[in-house]
S.K.: 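One structure is given below, represented as structure tokens, and several questions about it will come after.
Quick caveat: nothing in here was measured; it's all calculated off a predicted structure. Chain A is the first sequence line, chain B the second, and so forth, proteins listed ahead of strands; every chain is numbered from 1.
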Amino acid sequence: MKGAYFVENRVCKSHKVLVGMEVHVQLSTQSKMFTGAANGFGGEPNTQVDEQVLGLPGVLPVMNKRAVEYAIMVGLALDCKIARHTKWDRKSYYYPDLPKNYQISQYDLPLCYEGAFELVRKDGSTLKIRIRRAHLEEDAGKLMHEAPGGYAIDFSIVDLNRAGTPLLEIVTEPDLSSPQDVALFGQELQKIVQFLGVSHGLMQMGHMRFEPNINVHITDQNGQVHKTAITEIKNLNSFSVLERATAYEVQRQIRQWEETGSLGRKSTYGWDEAKGSTFLQREKEEANDYRYFPDPDLPPVEVDDAWIAELKGQIGELPAARRKRYVDALGLSATDAAILASDRETGDFYEAAIAAGGDARRVSNLILSHGRRIANEKSVTLKEIGIAPARFAEVAGLIDQNKISVSSAGTIFDKLREKDGAAEQLAAELGLTQVSDTSAIDAAIDAMIAANPKPLQDYRGGKQSAMGALVGMVMKNGKGLNPKMVQEALKRKLGGE
Amino acid sequence: MAEQKITLDQVRHVAKLSRLALDESRLEKFSVQLGSILEYVAKISEVNVTGIEPMAQALPMHNVFREDIVEPSLPLEKVLQNAPDADGPFFKVPKIIGGEEDSAG
């Protein structure tokens, strides 16, 4: 039998994952990209549709200035170069969700290009993701193969509400090196667009759609490298699916090579959530099949320094810069800084509390524990909990001045959520104020010593454990004294005698 | 001078992209016609454009924007008025088999 046939032995000894991402972000303008019909997500089918959206003869598209600005803002946040001159191109193809038979997009002159984003992993390591381009285009309508409610139909139906809405397509270089990185990058992008306020970024609403382009460099048992063909997984809209689909596709490509020796062909895959696997959709159309050409209806866009400066001013400090400042200048831990800087509202709230006089770290602790607890309990955002940032500063001040204990803070915040009031006054009403007046403490200690010679003798006789009892007795007579200060004063007094 | 610049395969390809069902017998005719159109347009390549900035638009305008303000949409019956077929508030189209959900991207 030996030598009758020969099965080539292919073993993947090690592999390197290379993933580039295409991300489509629905911009949250009021109106569509080139016309005034509402960009209202959802809505009754085909009610946000005008002559432009239908592609009727004689219409003239006019650019939505805010959409262009939103796109530039994302470009700036991703450290992109902003094109000083750009134009619009028609991408021609036929599909029932595209009434004009072309999509207005940007082909060779994207609005933003050559950017970079630093991905910070959970373990603190970083990965630089180069951004190839970010361009503006209009979205297509929604094509459905089931009737609303999931009923089977033997035709397809089209809702054009989404057609013509502004869409930002962000394309990275293949710098993502694991399924976890891919999902993390998606989450970071979501934070950026939400921080900038250019998209609601709600995954379940399809505001962000991800298309990872995946290939693998396989090193075999002889040290030879085999590069699989790039496959693209279309339309993923959850971070969990993004990670699982990428992981599956990586393994599928390796398995295919091991089993057949094939490196595959450039193609498009879909994700089947029920089966937990990818499936082949089509081999990729070549770019020139779309017959791109400049849209003669739309004048070009010129971007000057003044406009960019104005938009930079609107953006303010980005989350990454804010996070770094919280660590470097305010002394917060990396974890706390990341949470506070993750969205604009939380960061602004925090900074308002500091501006009101609160100590940076004390206020951070109070917001992260009590502020977030109350927000979670009420299912609202931090800004909506009904307690002003200045109150956090006041409570922080009371703690720092030893007027209340750290553990009383929660009681005061619970009171504050019921009714607003000066923190110090509430602390007094609740009987939480500690007396930190040293003369009052000294007097109480003296009174205790005079009345209780026995425990004092025990302590002096070497029973250090009597200290707790002594403090307790001082506290009993002098209600509201700061126990920490009582203990310190007591030690000083007894030790000094 | 019917120098054929477009092959029959190219005509087939373009016809397919344009969703046109072309009879094989007409391929030759279109190949010649398209060839002569391209030849005519090719005259423009004789112009010396050294030192001239490329332009994508004939009008000397740029940044023609509108403010982000919502204007009324058409009523549903107008939207569907010219549709080949409708199903309730939707456009009704032949079943798209094996395609992805939406085309944009």
S.K.: Select one option (side chain, backbone, both, neither) describing which atoms of Ser92(A) are under 4.5 Å from chain B's heavy atoms.
M.R.: neither
S.K.: Are more than 12 heavy atoms, taken from residues, nucleotides or ligands other than Ile44(B), located less than 6.0 Å from that residue's CD1 atom?
M.R.: no
S.K.: Please look at Glu51(A) and chain B and tell me whether the side chain, the backbone, both or neither of the residue comes under 4.5 angstrom of a heavy atom of that chain.
M.R.: both
S.K.: Under 4.5 Å from any heavy atom of chain A, what part of Leu59(B) do you find: side chain, backbone, both or neither?
M.R.: neither
S.K.: Looking at chain B, which one of His85(A), Gln30(A), Gln52(A) has the largest number of heavy-atom pairs inside 4.5 Å, strictly under?
M.R.: Gln30(A)
S.K.: Please say which of Ile157(A), Leu160(A), Asp97(A) ends up in a side chain to side chain contact (heavy atoms under 4.5 Å, CB included) with Phe91(B).
M.R.: Leu160(A)
S.K.: Check each atom of Leu54(A) against the heavy atoms of chain B and say whether the ones under 4.5 Å are side chain, backbone, both or neither.
M.R.: side chain
S.K.: Quick one: are Ser73(B) and Thr47(A) in side-chain contact, heavy atoms under 4.5 Å?
M.R.: no
S.K.: Pick from Ala83(B), Pro75(B), Ser18(B): which one has the most heavy-atom pairs with chain A under 4.5 Å?
M.R.: Ser18(B)
S.K.: Rounded at 0.5 Å granularity, tell me how far OH in Tyr93(A) sits from CZ in Arg19(B).
M.R.: 11.0 Å
S.K.: Side chain, backbone, both or neither: which part of Lys65(A) has a non-hydrogen atom closer than 4.5 Å to chain B?
M.R.: both
S.K.: Chain B heavy atoms under 4.5 Å from Leu298(A): which part of the residue, side chain, backbone, both or neither?
M.R.: backbone
S.K.: Mark yes when over 12 heavy atoms from residues, nucleotides or ligands other than Glu67(B) sit less than 6.0 Å from its CD; otherwise mark no.
M.R.: no
S.K.: Quick one: CG on Asp87(B) to CE on Met144(A), what's the gap to the nearest 0.5 Å?
M.R.: 10.5 Å
S.K.: Assess whether atom CZ of Arg84(A) is packed by more than 12 heavy atoms of other residues, nucleotides or ligands within 6.0 Å.
M.R.: yes
S.K.: Would you compute the distance between atom CG of Asp289(A) and atom NE2 of His13(B) and round it to the nearest 0.5 angstrom?
M.R.: 3.5 Å
S.K.: Please check if the side chain of Ser31(A) supplies one atom and the backbone of Val70(B) the other of a donor-acceptor pair under 3.5 Å.
M.R.: no
S.K.: Compare all side-chain heavy atoms of Glu71(B) with those of Asp50(A) and state whether any distance is below 4.5 angstrom.
M.R.: no
S.K.: Counting C-beta onward and ignoring hydrogens, is there a side-chain heavy-atom pair between Phe65(B) and Val301(A) closer than 4.5 Å?
M.R.: yes
S.K.: Are the side chains of Phe34(A) and Arg66(B) in touch, meaning some heavy atoms are under 4.5 Å apart?
M.R.: no
S.K.: With only heavy atoms counted, which part of Pro148(A) is less than 4.5 Å from chain B, the side chain, the backbone, both or neither?
M.R.: side chain
S.K.: Heavy-atom distance under 4.5 Å to chain B: side chain of Val53(A), backbone, both or neither?
M.R.: neither
S.K.: Is it the case that Lys95(B) places NZ or CZ above or below the six-membered ring of Phe155(A), under 6.0 angstrom from the centre and within 45 degrees of the axis?
M.R.: no
S.K.: Out of Asp297(A), Asp295(A), Ile153(A), Val158(A), which one racks up the most heavy-atom pairs below 4.5 Å with chain B?
M.R.: Val158(A)
S.K.: Ignoring hydrogens and angles, tell me if any N or O in the side chain of Asn63(B) forms a donor-acceptor pair with the backbone of Glu302(A) under 3.5 Å.
M.R.: yes
S.K.: Can you say whether Pro300(A) sits under 4.5 Å from chain B via the side chain, the backbone, both, or neither, judging by heavy atoms?
M.R.: both
S.K.: So for Asp89(A), is it side chain, backbone, both, or neither that comes closer than 4.5 Å to the heavy atoms of chain B?
M.R.: neither
S.K.: Does Asp68(B) offer a backbone N or O that forms a donor-acceptor pair with the side chain of Arg66(A) under 3.5 Å?
M.R.: no
S.K.: Mind checking the CG-CZ spacing from Asn46(A) to Phe90(B)? Nearest 0.5 Å is all I need.
M.R.: 7.5 Å
S.K.: Verify the neighbour count for atom CZ of Phe279(A): are there more than 12 heavy atoms of other residues, nucleotides or ligands below 6.0 Å?
M.R.: yes
